[in-house]
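Encoded as structure tokens, the structure appears first; notes follow it.
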Amino acid sequence: MNDKEKVLEFLNDAKVWYLATVDDEGNPHVRPFGAQAILDDKLYIQTGLNKNVAKQMLAHPQVEISGMAEGKWIRLEATVVHDDRVEQEARFLDAVPSLKKMYAAGDGNTAIFYLKDAHATICSFTEAPETYDF
């Protein structure tokens, strides 16, 4: 299992994880997320393009993710890159079909972003930290 797959597995186990962004004034914003998939060897996340979170990621692509699963937590720093290809939106929605109730590929609202220059650390109080880069 490569580093992206290990991070994906952790986020899947966490079910809900939190994404931190900043607005144009530098104010932080944190929101719960839970949609992620690996496509073409890139870890993707999804949101609505009309939401402030998407606007913030487009303007300031540095993000952090945190979540907990089974007594461990993850801290992930990355740059997000918007992928506006309709076929990639469709593949993401096929990978996370629960989103199809709210989104459709090419609807002008579905926004997928992949993580690049990512550094993740999985920590616990009882084990040495695990680090992953992709």
Show the numbers, then the answer: is there a side-chain contact (heavy atoms from CB on, under 4.5 Å) between Val80 and Leu115? CA-CA 5 Å; Val80 292; Leu115 307 182; 3.5 Å; yes
Work out which heavy atom in Thr110 is nearest to a heavy atom in Ala104; give both atom names and the distance. OG1-O, 3.1 Å
May I ask whether Val22 and Ile65 are part of the same hydrophobic cluster, defined by side-chain heavy atoms of I, L, V, M, F, W, Y residues being less than 4.5 angstrom apart, directly or through others? no
Is Leu43 linked to Phe113 within one hydrophobic cluster, defined over Ile, Leu, Val, Met, Phe, Trp and Tyr using a side-chain heavy-atom separation of less than 4.5 Å? yes
May I ask you to check whether over 12 heavy atoms, not counting those of Arg75, lie within 6.0 Å of atom CZ? no
Could you walk me through whether Asp41 and Phe134 pass side-chain contact (heavy atoms from CB on, under 4.5 Å), step by step? CA-CA 10 Å; Asp41 199 36; Phe134 53 93; over 6 Å; no
Within this structure, what is the CD1-NZ distance for the pair Ile74 and Lys6, rounded to the nearest 0.5 Å? 12.0 Å
Nearest 0.5 Å please: distance from the NZ atom of Lys55 over to the OG1 atom of Thr21. 12.5 Å
Test side-chain contact (heavy atoms from CB on, under 4.5 Å) on Arg31 and Lys51; report intermediate values, then the result. CA-CA 11 Å; Arg31 299 161 183 88; Lys51 294 181 178 181; over 6 Å; no
In terms of side-chain heavy atoms, does His60 have a donor or acceptor partner in Asp23 at a distance below 3.5 Å? no
Can you find a pair of side-chain heavy atoms, one from Leu19 and one from Met57, that are under 4.5 Å apart? yes
With the 4.5 Å side-chain cut-off for hydrophobic clustering, are Leu8 and Leu76 part of the same group? yes
Are Tyr103 and Phe33 linked, directly or through intermediate hydrophobic residues, by side-chain heavy-atom contacts shorter than 4.5 Å (ILVMFWY only)? no
Flag, side chain of Asp117 to backbone of Ala78, donor-acceptor distance under 3.5 Å: no
Please say yes or no: joined through hydrophobic side-chain contacts below 4.5 Å, possibly via intermediate residues, are Leu99 and Leu49 part of one cluster? no
Could you check whether any side-chain N or O of Thr121 sits under 3.5 Å from a backbone N or O of Thr131, counting only pairs where one atom can act as donor and the other as acceptor? no
Which atoms form the tightest heavy-atom contact between Gln46 and Gly48, and what is the distance? NE2-N, 4.2 Å
Looking only at non-hydrogen atoms, find the nearest pair between Ala37 and Val96 and report the distance. CB-CG2, 4.4 Å
Taking ring-ring contact (aromatic ring centres under 6.0 Å, His included) as the criterion, tell me which of Phe125, Phe10, Tyr18 meets it with Trp73. Phe125
Can you find a heavy atom in the side chain of Val53 that is under 4.5 Å from one in the side chain of His29? no
Between Val81 and Lys116, which heavy-atom pair has the shortest distance, and what is it? CG2-CD, 3.7 Å
Is the backbone N or O of Gln62 less than 3.5 Å from a side-chain atom of Thr79, with the two atoms forming a donor-acceptor pair by type? no
Atom of Lys4, atom of Asn2 and distance for their closest heavy-atom approach: N-OD1, 3.0 Å
Exercise answer: donor-acceptor pairs, residues 87-94 side-chain atoms, under 3.5 Å, sequence neighbours excluded:
| residue | atom | partner | partner atom | Å |
| --- | --- | --- | --- | --- |
| Gln88 | OE1 | Arg91 | NH1 | 2.9 |
| Gln88 | NE2 | Asp40 | OD2 | 3.0 |
| Gln88 | NE2 | Tyr44 | OH | 3.1 |
| Glu89 | OE1 | Gly106 | N | 2.8 |
| Arg91 | NH1 | Asp40 | OD1 | 3.1 |
| Arg91 | NH1 | Asp40 | OD2 | 3.0 |
| Asp94 | OD1 | Lys100 | NZ | 2.7 |

Glu64 CD to His119 NE2 distance, which is reported to the nearest 0.5 Å: 10.5 Å
Please report the shortest heavy-atom distance between Ala59 and Asp24, naming the atom on each side. CB-OD1, 4.0 Å
I'd like to know if the side chain of Asn50 reaches the main chain of Asn109, judged simply by a donor and an acceptor atom lying under 3.5 Å from each other, with no hydrogens or angles considered. no
